[in-house]
Amino acid sequence: MDIGFSPDEARFRDECREWLNANVPTEKRPIDAAEAIVFDKAWQRQLFDAGWAGINWPSEYGGRGLSIVQQVIWLEEYAKAHAPWIGANFVGINHGGPTLILNASEEQKAWHLPRILKGESIWCQGFSEPGAGSDLAGIRTHGRIEGDELIVNGSKIWTSFAHVADWQELVLRTEEGSRRHAGLSWVICDMHTPGITVRPIRKMSGQTEFAEVFYDDVRIPLANVVGGLGNGWKVAMSTLSFERGTGFIADQVKQSQEIEELIATARANGRIADDCIADDLAQMRAEVAAVRAMTYRNISEVMRTGQPGPEASVIRLFTSELGQRLERMAVRLKGAAMLDFQYGDDDEVADYLRGFAATIAGGSAQIQRDIIGERLLGLPKSR
Amino acid sequence: MDIGFSPDEARFRDECREWLNANVPTEKRPIDAAEAIVFDKAWQRQLFDAGWAGINWPSEYGGRGLSIVQQVIWLEEYAKAHAPWIGANFVGINHGGPTLILNASEEQKAWHLPRILKGESIWCQGFSEPGAGSDLAGIRTHGRIEGDELIVNGSKIWTSFAHVADWQELVLRTEEGSRRHAGLSWVICDMHTPGITVRPIRKMSGQTEFAEVFYDDVRIPLANVVGGLGNGWKVAMSTLSFERGTGFIADQVKQSQEIEELIATARANGRIADDCIADDLAQMRAEVAAVRAMTYRNISEVMRTGQPGPEASVIRLFTSELGQRLERMAVRLKGAAMLDFQYGDDDEVADYLRGFAATIAGGSAQIQRDIIGERLLGLPKSR
Amino acid sequence: MDLTPNDDQIALVSATADWCRDHMPLENARSRSRDLWPQIDAMGWASMTGPEMELDHATEALVFAELGRFLAPVALLSSAVAARWEPRQVKVALAVTEGRMLRVLDGSDASAALGVVDRRAMLFDLPAALSAQPSLDPTVTVARFDEPPSAHALADARAALHLQLVAAAFAVGCADAARDMAAGYALIREQFERPIGWFQAIKHMCADMAVRAAVARSQLYYAACALDSNADEAAFHVAAAKRLADQAALENSRANIQVHGGIGMTDEALPHLCLKRAHLLQFVIPAERSALLASA
Amino acid sequence: MDLTPNDDQIALVSATADWCRDHMPLENARSRSRDLWPQIDAMGWASMTGPEMELDHATEALVFAELGRFLAPVALLSSAVAARWEPRQVKVALAVTEGRMLRVLDGSDASAALGVVDRRAMLFDLPAALSAQPSLDPTVTVARFDEPPSAHALADARAALHLQLVAAAFAVGCADAARDMAAGYALIREQFERPIGWFQAIKHMCADMAVRAAVARSQLYYAACALDSNADEAAFHVAAAKRLADQAALENSRANIQVHGGIGMTDEALPHLCLKRAHLLQFVIPAERSALLASA
């Protein structure tokens with residue numbers, strides 16, 4: 001075991017850093033949704049042109065075909081350089097693309113992957129439904145096969161970027177009368193198809209980043225099914241493990257920066273003289289370090305076996321709760337200025353309010369604990 | 001609402017205090033079990049003779065027939081005077097006796113209650129079994145009716161004072177083939193009956209206060225059944241509410257004393273300079289005060305309606321966890337001297353180790369939360 | 001000794017709840033009209049312990065806990081304190097000080113604001129027109145003063161305890177509201193083909209909310225009685241009530257959002273209103289360590 | 001960069017576990033014979049990073065976590081540190097200092113004790129015969145000195161970090177042992193006609209144990225590597241590992257007793273052995289706030 005990097009890797013890190021130092025935009029990512037999308041697309045294109053998009057994606061689809069460690073190095077340097085959040089490209093880059101790489105046909109990959117990397121295709125998710133949040137298998141949106149098309153009816157919710165997306169990774173029921181995990185399919189849905197209505201939902205932090213999506217006799221070609229009809233559950237699950245390979249890196253580096261900033265703030269405003277504050281900061285600094293160690297262990301596991309270990313679910317749960325504690329500390333240090341928050345502000349209070357999602361979205365903390373108890377410890381399934 | 005006491009009550013409090021000041025033994029309750037039982041019996045007799053036993057028990061059975069508030073005042077003054085724990089008389093006074101008052105026949109009450117108050121009858125419990133801890137309805141110990149006797153076989157566990165007890169409140173299955181709550185009976189078992197074997201169990205704190213009890217064709221007269229054959233569950237539950245009327249007072253006063261002692265200790269050894277210690281102490285002092293308020297609310301409810309409110313289960317859960325936090329603070333303030341603990345010591349470490357029982361015995365913290373969720377909030381039963 | 005409300009108090013609490021449900025439902029908390037305050041004023045809540053009604057703090061605490069459940073305007077807190085210790089018939093805004101900075105909450109139509117500096121209640125004079133902005137709590141506006149306006153201290157030291165007590169009562173109400181919302185949702189929301197309240201993970205989260213609310217409410221009653229009887233340890237008991245009520249309000253509000261899942265994070269659902277109110281109340285005389293550790 | 005054990009390390013850990021299961025099972029922890037130490041010594045664990053074997057701290061940490069799972073004698077910690085920084089072939093007891101008071105743990109057949117004073121590792125000379133008594137941890141004896149005996153500091157400042165690291169490894173093993181005991185019991189113990197591990201209340205308690213153990217173990221690996229590479233921030237990483245490992249050991253031990261219920265509170269069951277060991281390890285160079293907040 002060692003925590004050092006090879007000379008090649010060190011050189012690669014230097015290259016990342018140099019390019020980022022020279023190219024990270026000086027202006028902030030815009031808050032306005034319409035301006036943000038223009039910004040996101042331009043920045044993704046710039047990354048692609050310079051060879052920084054899809055570092056560990058296959059080179060035949062526009063990626064660099066490099067190792068996961070290089071991807072990790074890139075993400076670490078990216079965060080350290082305070083490069084902008086990839087915003088609207090998030091789902092395509094971190095979720096839709098990886099799912100296609102693992103499950104899609106040659107045609108599907110050849111068409112979609114380069115467009116994702118270039119920032120030409122914006123993707124959104126379509127998993128959760130009003131009646132199926134933590135219980136993904138409770139999906140009721142359904143597609144009836146008619147000729148070579150699916151006729152889709154139903155609705156999805158909590159879909160980020162729905163109003164700007166070109167494509168959606170849509171999981172729906174394609175076998176009438178099927179129940180739970182059976183009879184689901186994972187489909188590429190063109191968001192410009194007639195019959196789709198998007199209703200934005202405002203968060204308690206003021207943003208309207210996510211939306212409800214309604215499908216009224218929406219026609220999707222059967223050719224857009226990924227991984228075969230009825231295999232939707234398997235396809236959706238396959239991405240989770242890909243996502244968990246490097247998906248944690250960005251969060252981890254962000255938390256490393258946050259804890260140092262919090263310590264600096266507490267030193268500057270004198271609050272660190274309160275031992276309770278100091279001890280919480282000390283504790284979280286140890287925990288943030290441990291998350292990096294866990295993430296490295298997980299990546300080492302992927303390199304060794306091609307699969308993240310079962311402890312990926314531990315990272316997910318622990319990171320989400322640690323993130324919330326960091327955000328709580330940030331507002332605690334803010335004092336009565338917290339009262340001045342209003343919708344439209346993009347500060348520690350907005351982060352804190354948005355951060356409630358961390359233990360809810362993508363499987364609540366309760367579901368994560370079930371998974372850990374059942375998969376890591378072998379306890380009996382209660383559901 | 002008011003927190004004052006009437007002039008009569010204030011006079012009663014003075015009487016309690018005067019007598020206790022003059023009569024509380026100067027020597028500590030012995031640690032040795034055999035010596036302790038002699039001590040406990042003598043002290044109980046002294047209390048009875050002076051009119052302090054069974055303050056709110058009916059006067060026809062040797063009690064004083066006074067109000068629950070007077071009982072509360074007595075218990076408060078008792079604890080403040082650092083009067084000895086009633087030890088071996090605990091089950092008879094706090095559990096067996098109250099159950100008899102609510103459920104037993106005239107003959108049973110007339111014979112047993114005065115003996116309990118005088119310290120002549122030592123009682124022990126017989127509810128839990130190796131296979132039925134939190135799940136009391138899982139009881140398997142059974143009694144076969146033969147003539148006017150029950151022939152009992154099975155075993156009980158976690159029975160405190162089993163080795164010194166004269167009588168046991170024994171809950172067992174008297175209907176063959178019955179399941180769960182049905183077919184149980186609550187029986188007075190003479191611990192000197194042939195066929196009873198007691199195996200002491202050592203706690204992790206070193207004491208052997210509790211034991212496993214085995215029944216091998218033990219004959220108990222049917223006349224010893226309390227509340228009717230097959231009504232054991234109802235009889236056992238009836239006591240819980242009685243117990244919860246005043247049962248919390250002694251704990252509460254003890255915790256009030258503990259927190260003041262902890263604050264004094266932390267001031268004396270300088271540890272209070274650590275804000276984390278100071279804040280934990282401040283928090284627990286607030287919580288101890290709240291427990292008194294909750295206990296008073298509960299007693300007020302009993303006075304008003306004859307029944308403790310459903311929030312008695314809240315007091316139970318909160319007090320047990322608060323007690324553990326107080327004990328943790330005590331060992332934290334002890335520092336490395338904690339390492340010197342050995343079996344036989346009766347100090348903060350022993351209290352801490354014994355204190356694990358608080359969230360396990362008499363219904364685990366998990367069961368208490370189920371009860372609160374179901375009975376207070378009306379959530380669906382999960383078991 | 002009696003820590004249960006009597007029949008009169010029960011009737012008053014129940015009438016308060018009825019009025020709030022009709023005139024000030026939580027669903028409308030974000031869009032309250034300026035006419036609401038005169039109606040509230042007419043109900044007399046802002047002068048319960050004042051010279052006309054002369055009710056005790058125990059009754060006031062019971063009613064304010066109920067008002068707190070509906071996230072009633074925070075100027076009720078400051079107005080009630082002013083009405084008792086320096087009687088006036090007008091709305092008094094709530095002041096929060098931090099260093100030199102003064103924040104005036106819920107200041108519309110108020111000519112003064114009441115807050116506490118160094119454990120002493122102060123009345124700040126307000127200019128005729130405040131430049132108020134939206135605040136964290138959507139039911140409240142905030143106006144900031146870099147330098148505090150002219151002010152005078154209230155003569156009686158108990159005024160600060162009074163403000164801490166009614167703020168604690170509001171927090172208890174907030175904790176209750178969050179608990180009831182969570183339990184109500186856990187009963188009707190289904191996942192995995194069962195109400196989510198069936199699952200111990202949710203059930204125990206709700207149970208802990210019930211525990212926090214019950215603990216805080218009990219101490220609130222005791223503290224109110226201690227203030228009524230001018231007990232020596234009133235300052236400790238009120239501080240203890242505030243500490244436990246603040247924690248119950250904040251932790252219950254957070255748990256309520258978690259129980260609600262996705263819908264709990266939206267602006268249109270109600271849980272965030274409790275959260276934001278809970279945060280606001282933390283700034284109204286938080287219970288200091290020293291007050292809790294002071295010898296009686 | 002690789003934070004997974006290699007094949008050699010896996011084999012070594014597995015051999016360690018096999019040996020412990022055969023020669024030092026947890027069931028016998030209270031009645032270990034005096035012959036155990038020579039056997040342990042023969043296995044070489046106390047000199048893994050010493051001049052003969054020259055293994056790295058990463059390998060040592062892996063093995064010590066395994067030894068910690070079986071609550072191996074605590075003199076292994078001090079002996080391993082002494083063997084590396086001041087090579088000697090004898091058992092070195094573990095010293096815990098508090099003010100002037102020195103406690104020597106597991107001192108039988110030891111002529112010296114190693115502990116840390118002001119972040120500096122010290123070797124204390126011991127008299128020929130110690131008046132040792134039972135301690136909180138039934139596997140350990142304690143001898144008290146009101147005034148510390150003669151001592152000298154080890155030359156290399158890293159010796160103190162080394163002791164902190166192996167103590168963290170023991171704590172990680174203790175946390176693992178408690179987690180596995182709890183999960184194992186939750187699978188076989190039935191209540192309400194189901195294994196108790198079916199209930200979310202128990203399942204989530206076990207899940208949290210798994211999280212704590214995984215977090216602490218990861219940081220242990222990182223800290224060991226940082227010490228191996230003499231990284232500037234090694235002191236921080238070792239302190240972080242100790243803090244998280246201590247918490248995991250103590251909280252998992254407590255949770256394990258709760259999962260076991262009544263049986264968990266008895267002397268004859270094993271859970272209390274983990275609890276008592278966890279408490280002991282808290283006193284071996286606890287991670288200070290200042291070390292965790294120090295700039296790299």
Side-chain angles (χ1 to χ4, degrees), chain A residues 128-138 157-158 179-180 200-208 210 212 269 274 276 324 328 331-332 334-345 349-350 352-370 373 381-383, chain C residues 74 94 96-99 101-105 133-138 140-144 189-194 196 198-205 250 253-276 279-284 286 289:
Chain A
S128 293
E129 297 187 5
S134 285
D135 180 16
L136 204 54
I157 199 166
W158 319 130
R179 292 192 63 248
R180 311 292 304 156
I201 303 172
R202 187 188 287 275
K203 295 186 191 179
M204 63 169 164
S205 51
Q207 289 85 0
T208 51
F210 55 37
E212 199 163 356
N269 70 14
D274 182 328
C276 292
Q324 291 181 338
R328 286 178 192 185
V331 296
R332 193 165 154 204
K334 205 173 169 74
M338 186 186 190
L339 293 173
D340 303 335
F341 174 80
Q342 46 182 290
Y343 283 177
D345 289 354
V349 182
Y352 162 73
L353 294 172
R354 268 196 297 253
F356 278 81
T359 50
I360 293 173
S364 69
Q366 287 72 40
I367 300 288
Q368 300 300 328
R369 286 192 166 82
D370 275 357
K381 263 186 86 73
S382 12
R383 284 177 280 108
Chain C
V74 293
L94 180 63
V96 168
T97 59
E98 189 181 57
M101 171 79 83
L102 175 79
R103 285 180 175 80
V104 174
L105 305 177
Q133 312 237 320
S135 83
L136 172 71
D137 179 339
V140 173
T141 59
V142 60
R144 277 199 308 278
R189 167 73 169 172
E190 297 200 354
Q191 292 274 273
F192 306 102
E193 304 171 329
R194 296 178 174 283
I196 59 172
W198 179 88
F199 294 97
Q200 275 185 324
I202 301 294
K203 182 181 289 178
H204 289 191
M205 210 183 293
L250 190 55
S253 295
R254 286 172 172 163
N256 185 30
I257 290 173
Q258 183 71 26
V259 168
H260 274 76
I263 199 77
M265 299 183 297
T266 64
D267 171 73
E268 67 192 32
L270 303 177
H272 72 110
L273 298 177
C274 290
L275 176 77
K276 291 167 176 176
H279 275 290
L280 183 152
L281 291 172
Q282 314 275 316
F283 295 106
V284 184
R289 234 170 259 158

For each of [options], tally heavy-atom pairs with chain A at distances under 4.5 Å, and name the one with the top tally.
options: C/Arg103, C/Lys276, C/Glu190; result: C/Arg103
options: C/Pro138, C/Gly261, C/Gly262; result: C/Gly262
options: C/Ser135, C/Gly99, C/Ala201; result: C/Ser135
options: C/Arg254, C/Glu268, C/Arg144, C/Arg189; result: C/Arg254

Distance (rounded to the nearest 0.5 Å) between [X] [atom1] and [Y] [atom2]:
X: C/Asp137; Y: A/Leu339; atom1: CG; atom2: CG; value: 9.0 Å
X: C/His260; Y: A/Phe356; atom1: NE2; atom2: CZ; value: 13.5 Å
X: A/Ile201; Y: C/Ile263; atom1: CD1; atom2: CD1; value: 6.5 Å

Chain A heavy atoms under 4.5 Å from [X]: which part of the residue, side chain, backbone, both or neither?
X: C/Phe283; value: side chain
X: C/Glu98; value: side chain
X: C/Leu275; value: side chain
X: C/Arg194; value: neither
X: C/Gln282; value: neither
X: C/Met205; value: side chain

Is there a donor-acceptor pair closer than 3.5 Å between any side-chain N or O of C/Gln191 and the backbone N or O of A/Gly131? yes
How about A/Gln342 and C/Gln133: do any of their side-chain heavy atoms sit closer than 4.5 Å? yes
Answer whether the closest heavy-atom distance between the side chains of C/Leu136 and A/Asp340 falls below 4.5 Å. no
Start with the C-alpha distance between A/Phe341 and C/Val142, add both sets of side-chain angles, then the distance that settles side chain to side chain contact (heavy atoms under 4.5 Å, CB included), and finish with yes or no. CA-CA 10 Å; A/Phe341 174 80; C/Val142 60; over 6 Å; no
A/Ala137 portion near chain C, given a 4.5 angstrom heavy-atom threshold: neither
Checking A/Ala361 against chain C: side chain, backbone, both or neither under 4.5 Å from a heavy atom? neither
Verdict with supporting geometry, A/Ser364 and C/Gln258, side-chain hydrogen bond (donor to acceptor under 3.5 Å, both in side chains): CA-CA 8 Å; A/Ser364 69; C/Gln258 183 71 26; 4.9 Å; no
Quick one: of A/Asp370, A/Asp274, A/Thr208, A/Leu353, who has the most non-hydrogen atom pairs under 4.5 Å with chain C? A/Asp274
I'd like to verify something: which residue of A/Gln324, A/Arg369, A/Met338, A/Arg354 has the highest number of heavy-atom pairs under 4.5 Å with chain C? A/Met338
Under a 4.0 Å N-O cut-off, is there an ion pair linking A/Lys203 with C/Asp267? no
Does C/Glu193 come within less than 4.0 Å of A/Arg179, counting only side-chain N to carboxylate O? yes
Report the C-alpha distance between A/Cys276 and C/Arg289 in whole Å, list the side-chain angles of each, state the deciding distance to 0.1 Å, and finish with yes or no for side chain to side chain contact (heavy atoms under 4.5 Å, CB included). CA-CA 12 Å; A/Cys276 292; C/Arg289 234 170 259 158; 3.6 Å; yes
Quick one: closest heavy-atom pair of C/Gly264 and A/Met204, and the distance? O-SD, 4.4 Å
Does the ring center of A/Tyr352 lie less than 6.0 Å from the ring center of C/His279? yes
